[in-house]
Amino acid sequence: MRLYSTLSGDREELDTGDGVGLYVCGVTPYDSAHVGHAMSLIVYDVLVRYLRWRGIQVRYVSNYTDVDDKLLERASQLERDPLELAAANIEQWEREQDALGLLAPDVRPRVTAEIEPIIETIERIIANDLAYVAESGDVYFRVQAKDDYGKLSHRNIDQLRQGTRFEPGDGKEFALDFALWKAQKSGEPAWPSPWGPGRPGWHIECTTMAQRYLGETFDVHGGGVDLVFPHHDNEVAQAEAASGRPFARIWMHNGMVQRNHEKMAKSTGNVVGVEEALERWGPDAIRLFVLNSHYHGPNNLTDDAMTAAMRAVERLATALREAADAPGAPLDAAGYRSRFIEAMEDDLATPQALAVLFDLARAINRGRDAGEPVAEAQATLQELAGVLGLRLDAPETATAQVSAAELSKLAASLDVSCGGTDVESTMEALLERRQAARQERDFALADRIRDGLGALGIAIEDTPDGARWSVKR
RNA sequence: GGCCACGUAGCCAAGCGGCAAGGCAGGGGUCUGCAAAACCCCGAUCACCGGUUCGAAUCCGGUCGUGGCCUCCA
């Protein structure tokens with residue numbers, strides 16, 4: 001499999017020989033998650049699913065940075081304990097990750113539980129002369145001592161100095177030096193260290209956790225493109241300074257979710273929360289929206305795009321509807337399977353992989369219309385969709401979304417008597433009454449029943465085997 | 001100012017030198033009591049200007065435009 005690496009600026013062959021180690025930067029849980037965070041994890045989730053499906057062992061590590069400046073600031077605004085705030089947000093985010101159909105990483109380290117190893121990493125960097133302790137008790141990375149600093153973002157120190165936001169001070173030797181350890185300020189949570197009480201700087205936690213759980217050198221490090229500089233550049237610098245060895249071989253970066261062509265971020269106030277997105281569009285549509293464009297580029301979230309994604313999900317789900325046993329030669333899905341693999345092998349080309357799924361869906365529908373057995377091809381479609389993390393639940397299983405009371409009211413208003421008041425039996429009675437009306441060619445009544453159900457958000461479709469109902473999305 | 005992406009049909013979006021995927025929307029048809037679903041048919045001189053090549057959406061240079069990053073960031 002080839003993956004584009006930001007480090008080399010080119011596609012690299014992923015060595016899957018003795019398994020794959022993957023580290024993905026998770027969120028700083030100072031607030032609830034939005035669709036941008038979901039996109040990021042969906043991309044790496046698909047990578048993991050695909051590799052495992054191909055029989056490759058994957059160790060998937062994704063962290064929570066549960067202590068940092070932003071979190072402390074938010075906690076103080078809310079007058080809450082920062083660690084407790086982080087824990088609460090993580091809990092919510094993990095529930096949402098489940099709802100999004102995201103695989104749980106094998107390891108989900110948290111900074112607050114990794115303080116000792118982080119201190120050890122910093123000590124190694126100091127011992128290698130690439131970091132120093134300031135009078136304040138802060139520890140800084142000595143940027144100028146690392147001659148390839150900035151290689152990930154393809155910048156050098158001179159270019160970076162032109163930025164005006166770097167400020168000397170706090171005992172830094174050089175303006176671009178960044179903190180590995182921050183000495184405690186009043187009221188902040190702190191842990192003991194050789195340099196006095198304090199907490200880790202922003203980048204050191206990922207370096208430490210990645211190396212601890214995946215080794216000094218590992219296969220793939222992922223995250224949003226907005227993390228390339230400084231976060232990932234600093235991770236690289238620290239890791240190499242600590243171990244003297246290369247860090248991640250491949251650096252994978254996903255593009256940003258935009259709204260109105262502007263990055264979705266708390267700071268711009270254009271966020272769509274994961275909770276809201278799940279409610280409005282559901283997990284499959286969110287996933288299809290993300291995978292329909294290449295993970296590299298930006299992805300503009302609009303209501304139209306999401307509506308289209310929901311309809312597209314329905315199209316795939318419809319192709320999985322049970323088909324009657326049929327004579328004839330069964331539809332062979334092997335070609336679709338290999339096209340799917342080819343697409344995925346090429347830098348996780350999910351838009352093309354999806355196109356293969358749609359082509360297969362069309363072939364299934366065509367085969368079914370032609371009276372060919374398609375069950376095997378349907379199983380392949382379900383399997384390949386599963387590799388992308390799409391569930392494709394049949395909409396008719398959504399009984400829980402229907403109000404039994406409203407349904408009973410409708411039945412009563414149409415003089416349809418039913419055996420019970422639950423959704424199942426009321427629906428059955430209504431559909432039977434309608435079927436009888438159709439046979440008596442009383443289409444007015446049949447249409448009244450269909451329209452009444454339609455008003456409740458239930459769609460009726462007539463098939464040779466009787467009527468089928470589903471919840472409209 | 002610097003670094004990095006990108007500009008393809010009404011909308012979303014593939015494409016990595018050899019006749020322009022896929023989805024949504026729209027139009028026509030088949031099927032249906034009518035619908036729905038499904039199936040068939042219909043749509044692009046690839047931002048603009050030069051260059052390289054037998055051949056360019058694809059490579060090179062320039063122009064215009066959009067987005068991301070330059071110590072909050074998925």
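Naming convention: chains lettered A, B, ... in sequence-line order (proteins, then strands); numbering from 1 in each chain. Because the structure is a prediction, the values reported are computed rather than measured.
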Determine the contact category for [X]: base if any of its heavy atoms lies under 4.0 Å from a base atom, sugar-phosphate if only primed atoms, P, OP1 or OP2 are that close, otherwise nothing.
X: A/I460; answer: base
X: A/R259; answer: nothing
X: A/D462; answer: base
X: A/E73; answer: nothing
X: A/H294; answer: sugar-phosphate
X: A/V257; answer: base
X: A/G297; answer: nothing
X: A/D304; answer: nothing

Return the nearest nucleotide to the side chain of [X]; candidates are [options].
X: A/T318; options: B/C73, B/G67, B/A37; answer: B/A37
X: A/R311; options: B/A74, B/C24, B/A36; answer: B/C24
X: A/A446; options: B/A13, B/C39, B/G33; answer: B/G33
X: A/D226; options: B/C69, B/A13, B/C16; answer: B/C69
X: A/R438; options: B/G2, B/A74, B/C34; answer: B/C34
X: A/R315; options: B/G2, B/C39, B/G68; answer: B/C39

Ring centroid separation for A/H253 and A/H232, is it under 6.0 angstrom?
yes
Close aromatic pair by centroid cut-off 6.0 Å: A/F218 and A/Y213:
no
Tell me which of A/M264 and A/H261 sits closer to the 5' end of RNA chain B, going by the nucleotide each one is nearest to.
A/H261
Position toward the 5' end of RNA chain B (nearest nucleotide), A/T307 or A/H154:
A/H154
Roughly how far apart, to the nearest Å, are [N] and [M] at atom [atom1]?
N: B/C16; M: B/A56; atom1: C1'; answer: 12 Å
N: B/G22; M: B/G18; atom1: C1'; answer: 22 Å
N: B/C60; M: B/U52; atom1: C1'; answer: 7 Å
N: B/G23; M: B/G62; atom1: P; answer: 39 Å
N: B/G15; M: B/A25; atom1: P; answer: 24 Å
N: B/G61; M: B/U45; atom1: C1'; answer: 23 Å
N: B/A36; M: B/G68; atom1: C1'; answer: 44 Å

Could you check which nucleotide pairs with [N] in any of the strands shown, counting Watson-Crick or G-U wobble with both distances under 3.5 Å?
N: B/C24; value: B/G10
N: B/A37; value: none
N: B/C69; value: B/G2
N: B/A47; value: B/U63
N: B/C54; value: B/G18

If the plane angle is over 60° it's perpendicular, under 30° parallel, otherwise tilted; pick one for A/H231 and A/H203.
tilted
Just to verify, what does A/S153 make a side chain to side chain donor-acceptor pair (under 3.5 Å) with, not counting sequence neighbours?
A/R155, A/D233
Give the rounded distance in Å between these two atoms: [atom1] of [X] and [atom2] of [N].
X: A/L7; N: B/C4; atom1: CG; atom2: C1'; result: 14 Å
X: A/W281; N: B/G23; atom1: CH2; atom2: P; result: 22 Å
X: A/L301; N: B/A13; atom1: CG; atom2: C1'; result: 15 Å
X: A/Y295; N: B/C6; atom1: OH; atom2: P; result: 12 Å
X: A/Y44; N: B/A74; atom1: OH; atom2: P; result: 12 Å
X: A/H34; N: B/C73; atom1: NE2; atom2: P; result: 13 Å

I'd like to know if [X] reaches the base of [N] with its side chain such that a donor and an acceptor end up less than 3.5 angstrom apart.
X: A/D447; N: B/G33; value: yes
X: A/K70; N: B/C73; value: no
X: A/R362; N: B/C39; value: no
X: A/R450; N: B/A36; value: no
X: A/R366; N: B/C40; value: no
X: A/D68; N: B/C72; value: no

Between A/R468 (side chain) and A/E461 (backbone), is there a donor-acceptor pair under 3.5 Å?
no
A/F443 over B/G33, stacked by centroid distance under 5.5 Å, angle under 30°
yes
Quick check on [N]: is either OP1 or OP2 less than 4.0 Å from any side-chain nitrogen or oxygen of [X]?
X: A/W469; N: B/A36; result: no
X: A/K266; N: B/A74; result: no
X: A/Q352; N: B/G15; result: yes
X: A/N292; N: B/A13; result: no

At their closest point, which heavy atom of A/Y44 faces which heavy atom of A/M252, and how far apart are they?
OH-O, 3.2 Å
To the nearest 0.5 Å, tell me how far A/H296 NE2 sits from A/Y4 OH.
5.5 Å
What residue among A/V111, A/N63, A/I118, A/I122 forms side-chain contact (heavy atoms from CB on, under 4.5 Å) with A/T208?
A/I118
Can a salt bridge be assigned to the pair A/D447 and A/R434 using a cut-off of 4.0 Å between side-chain N and carboxylate O?
no
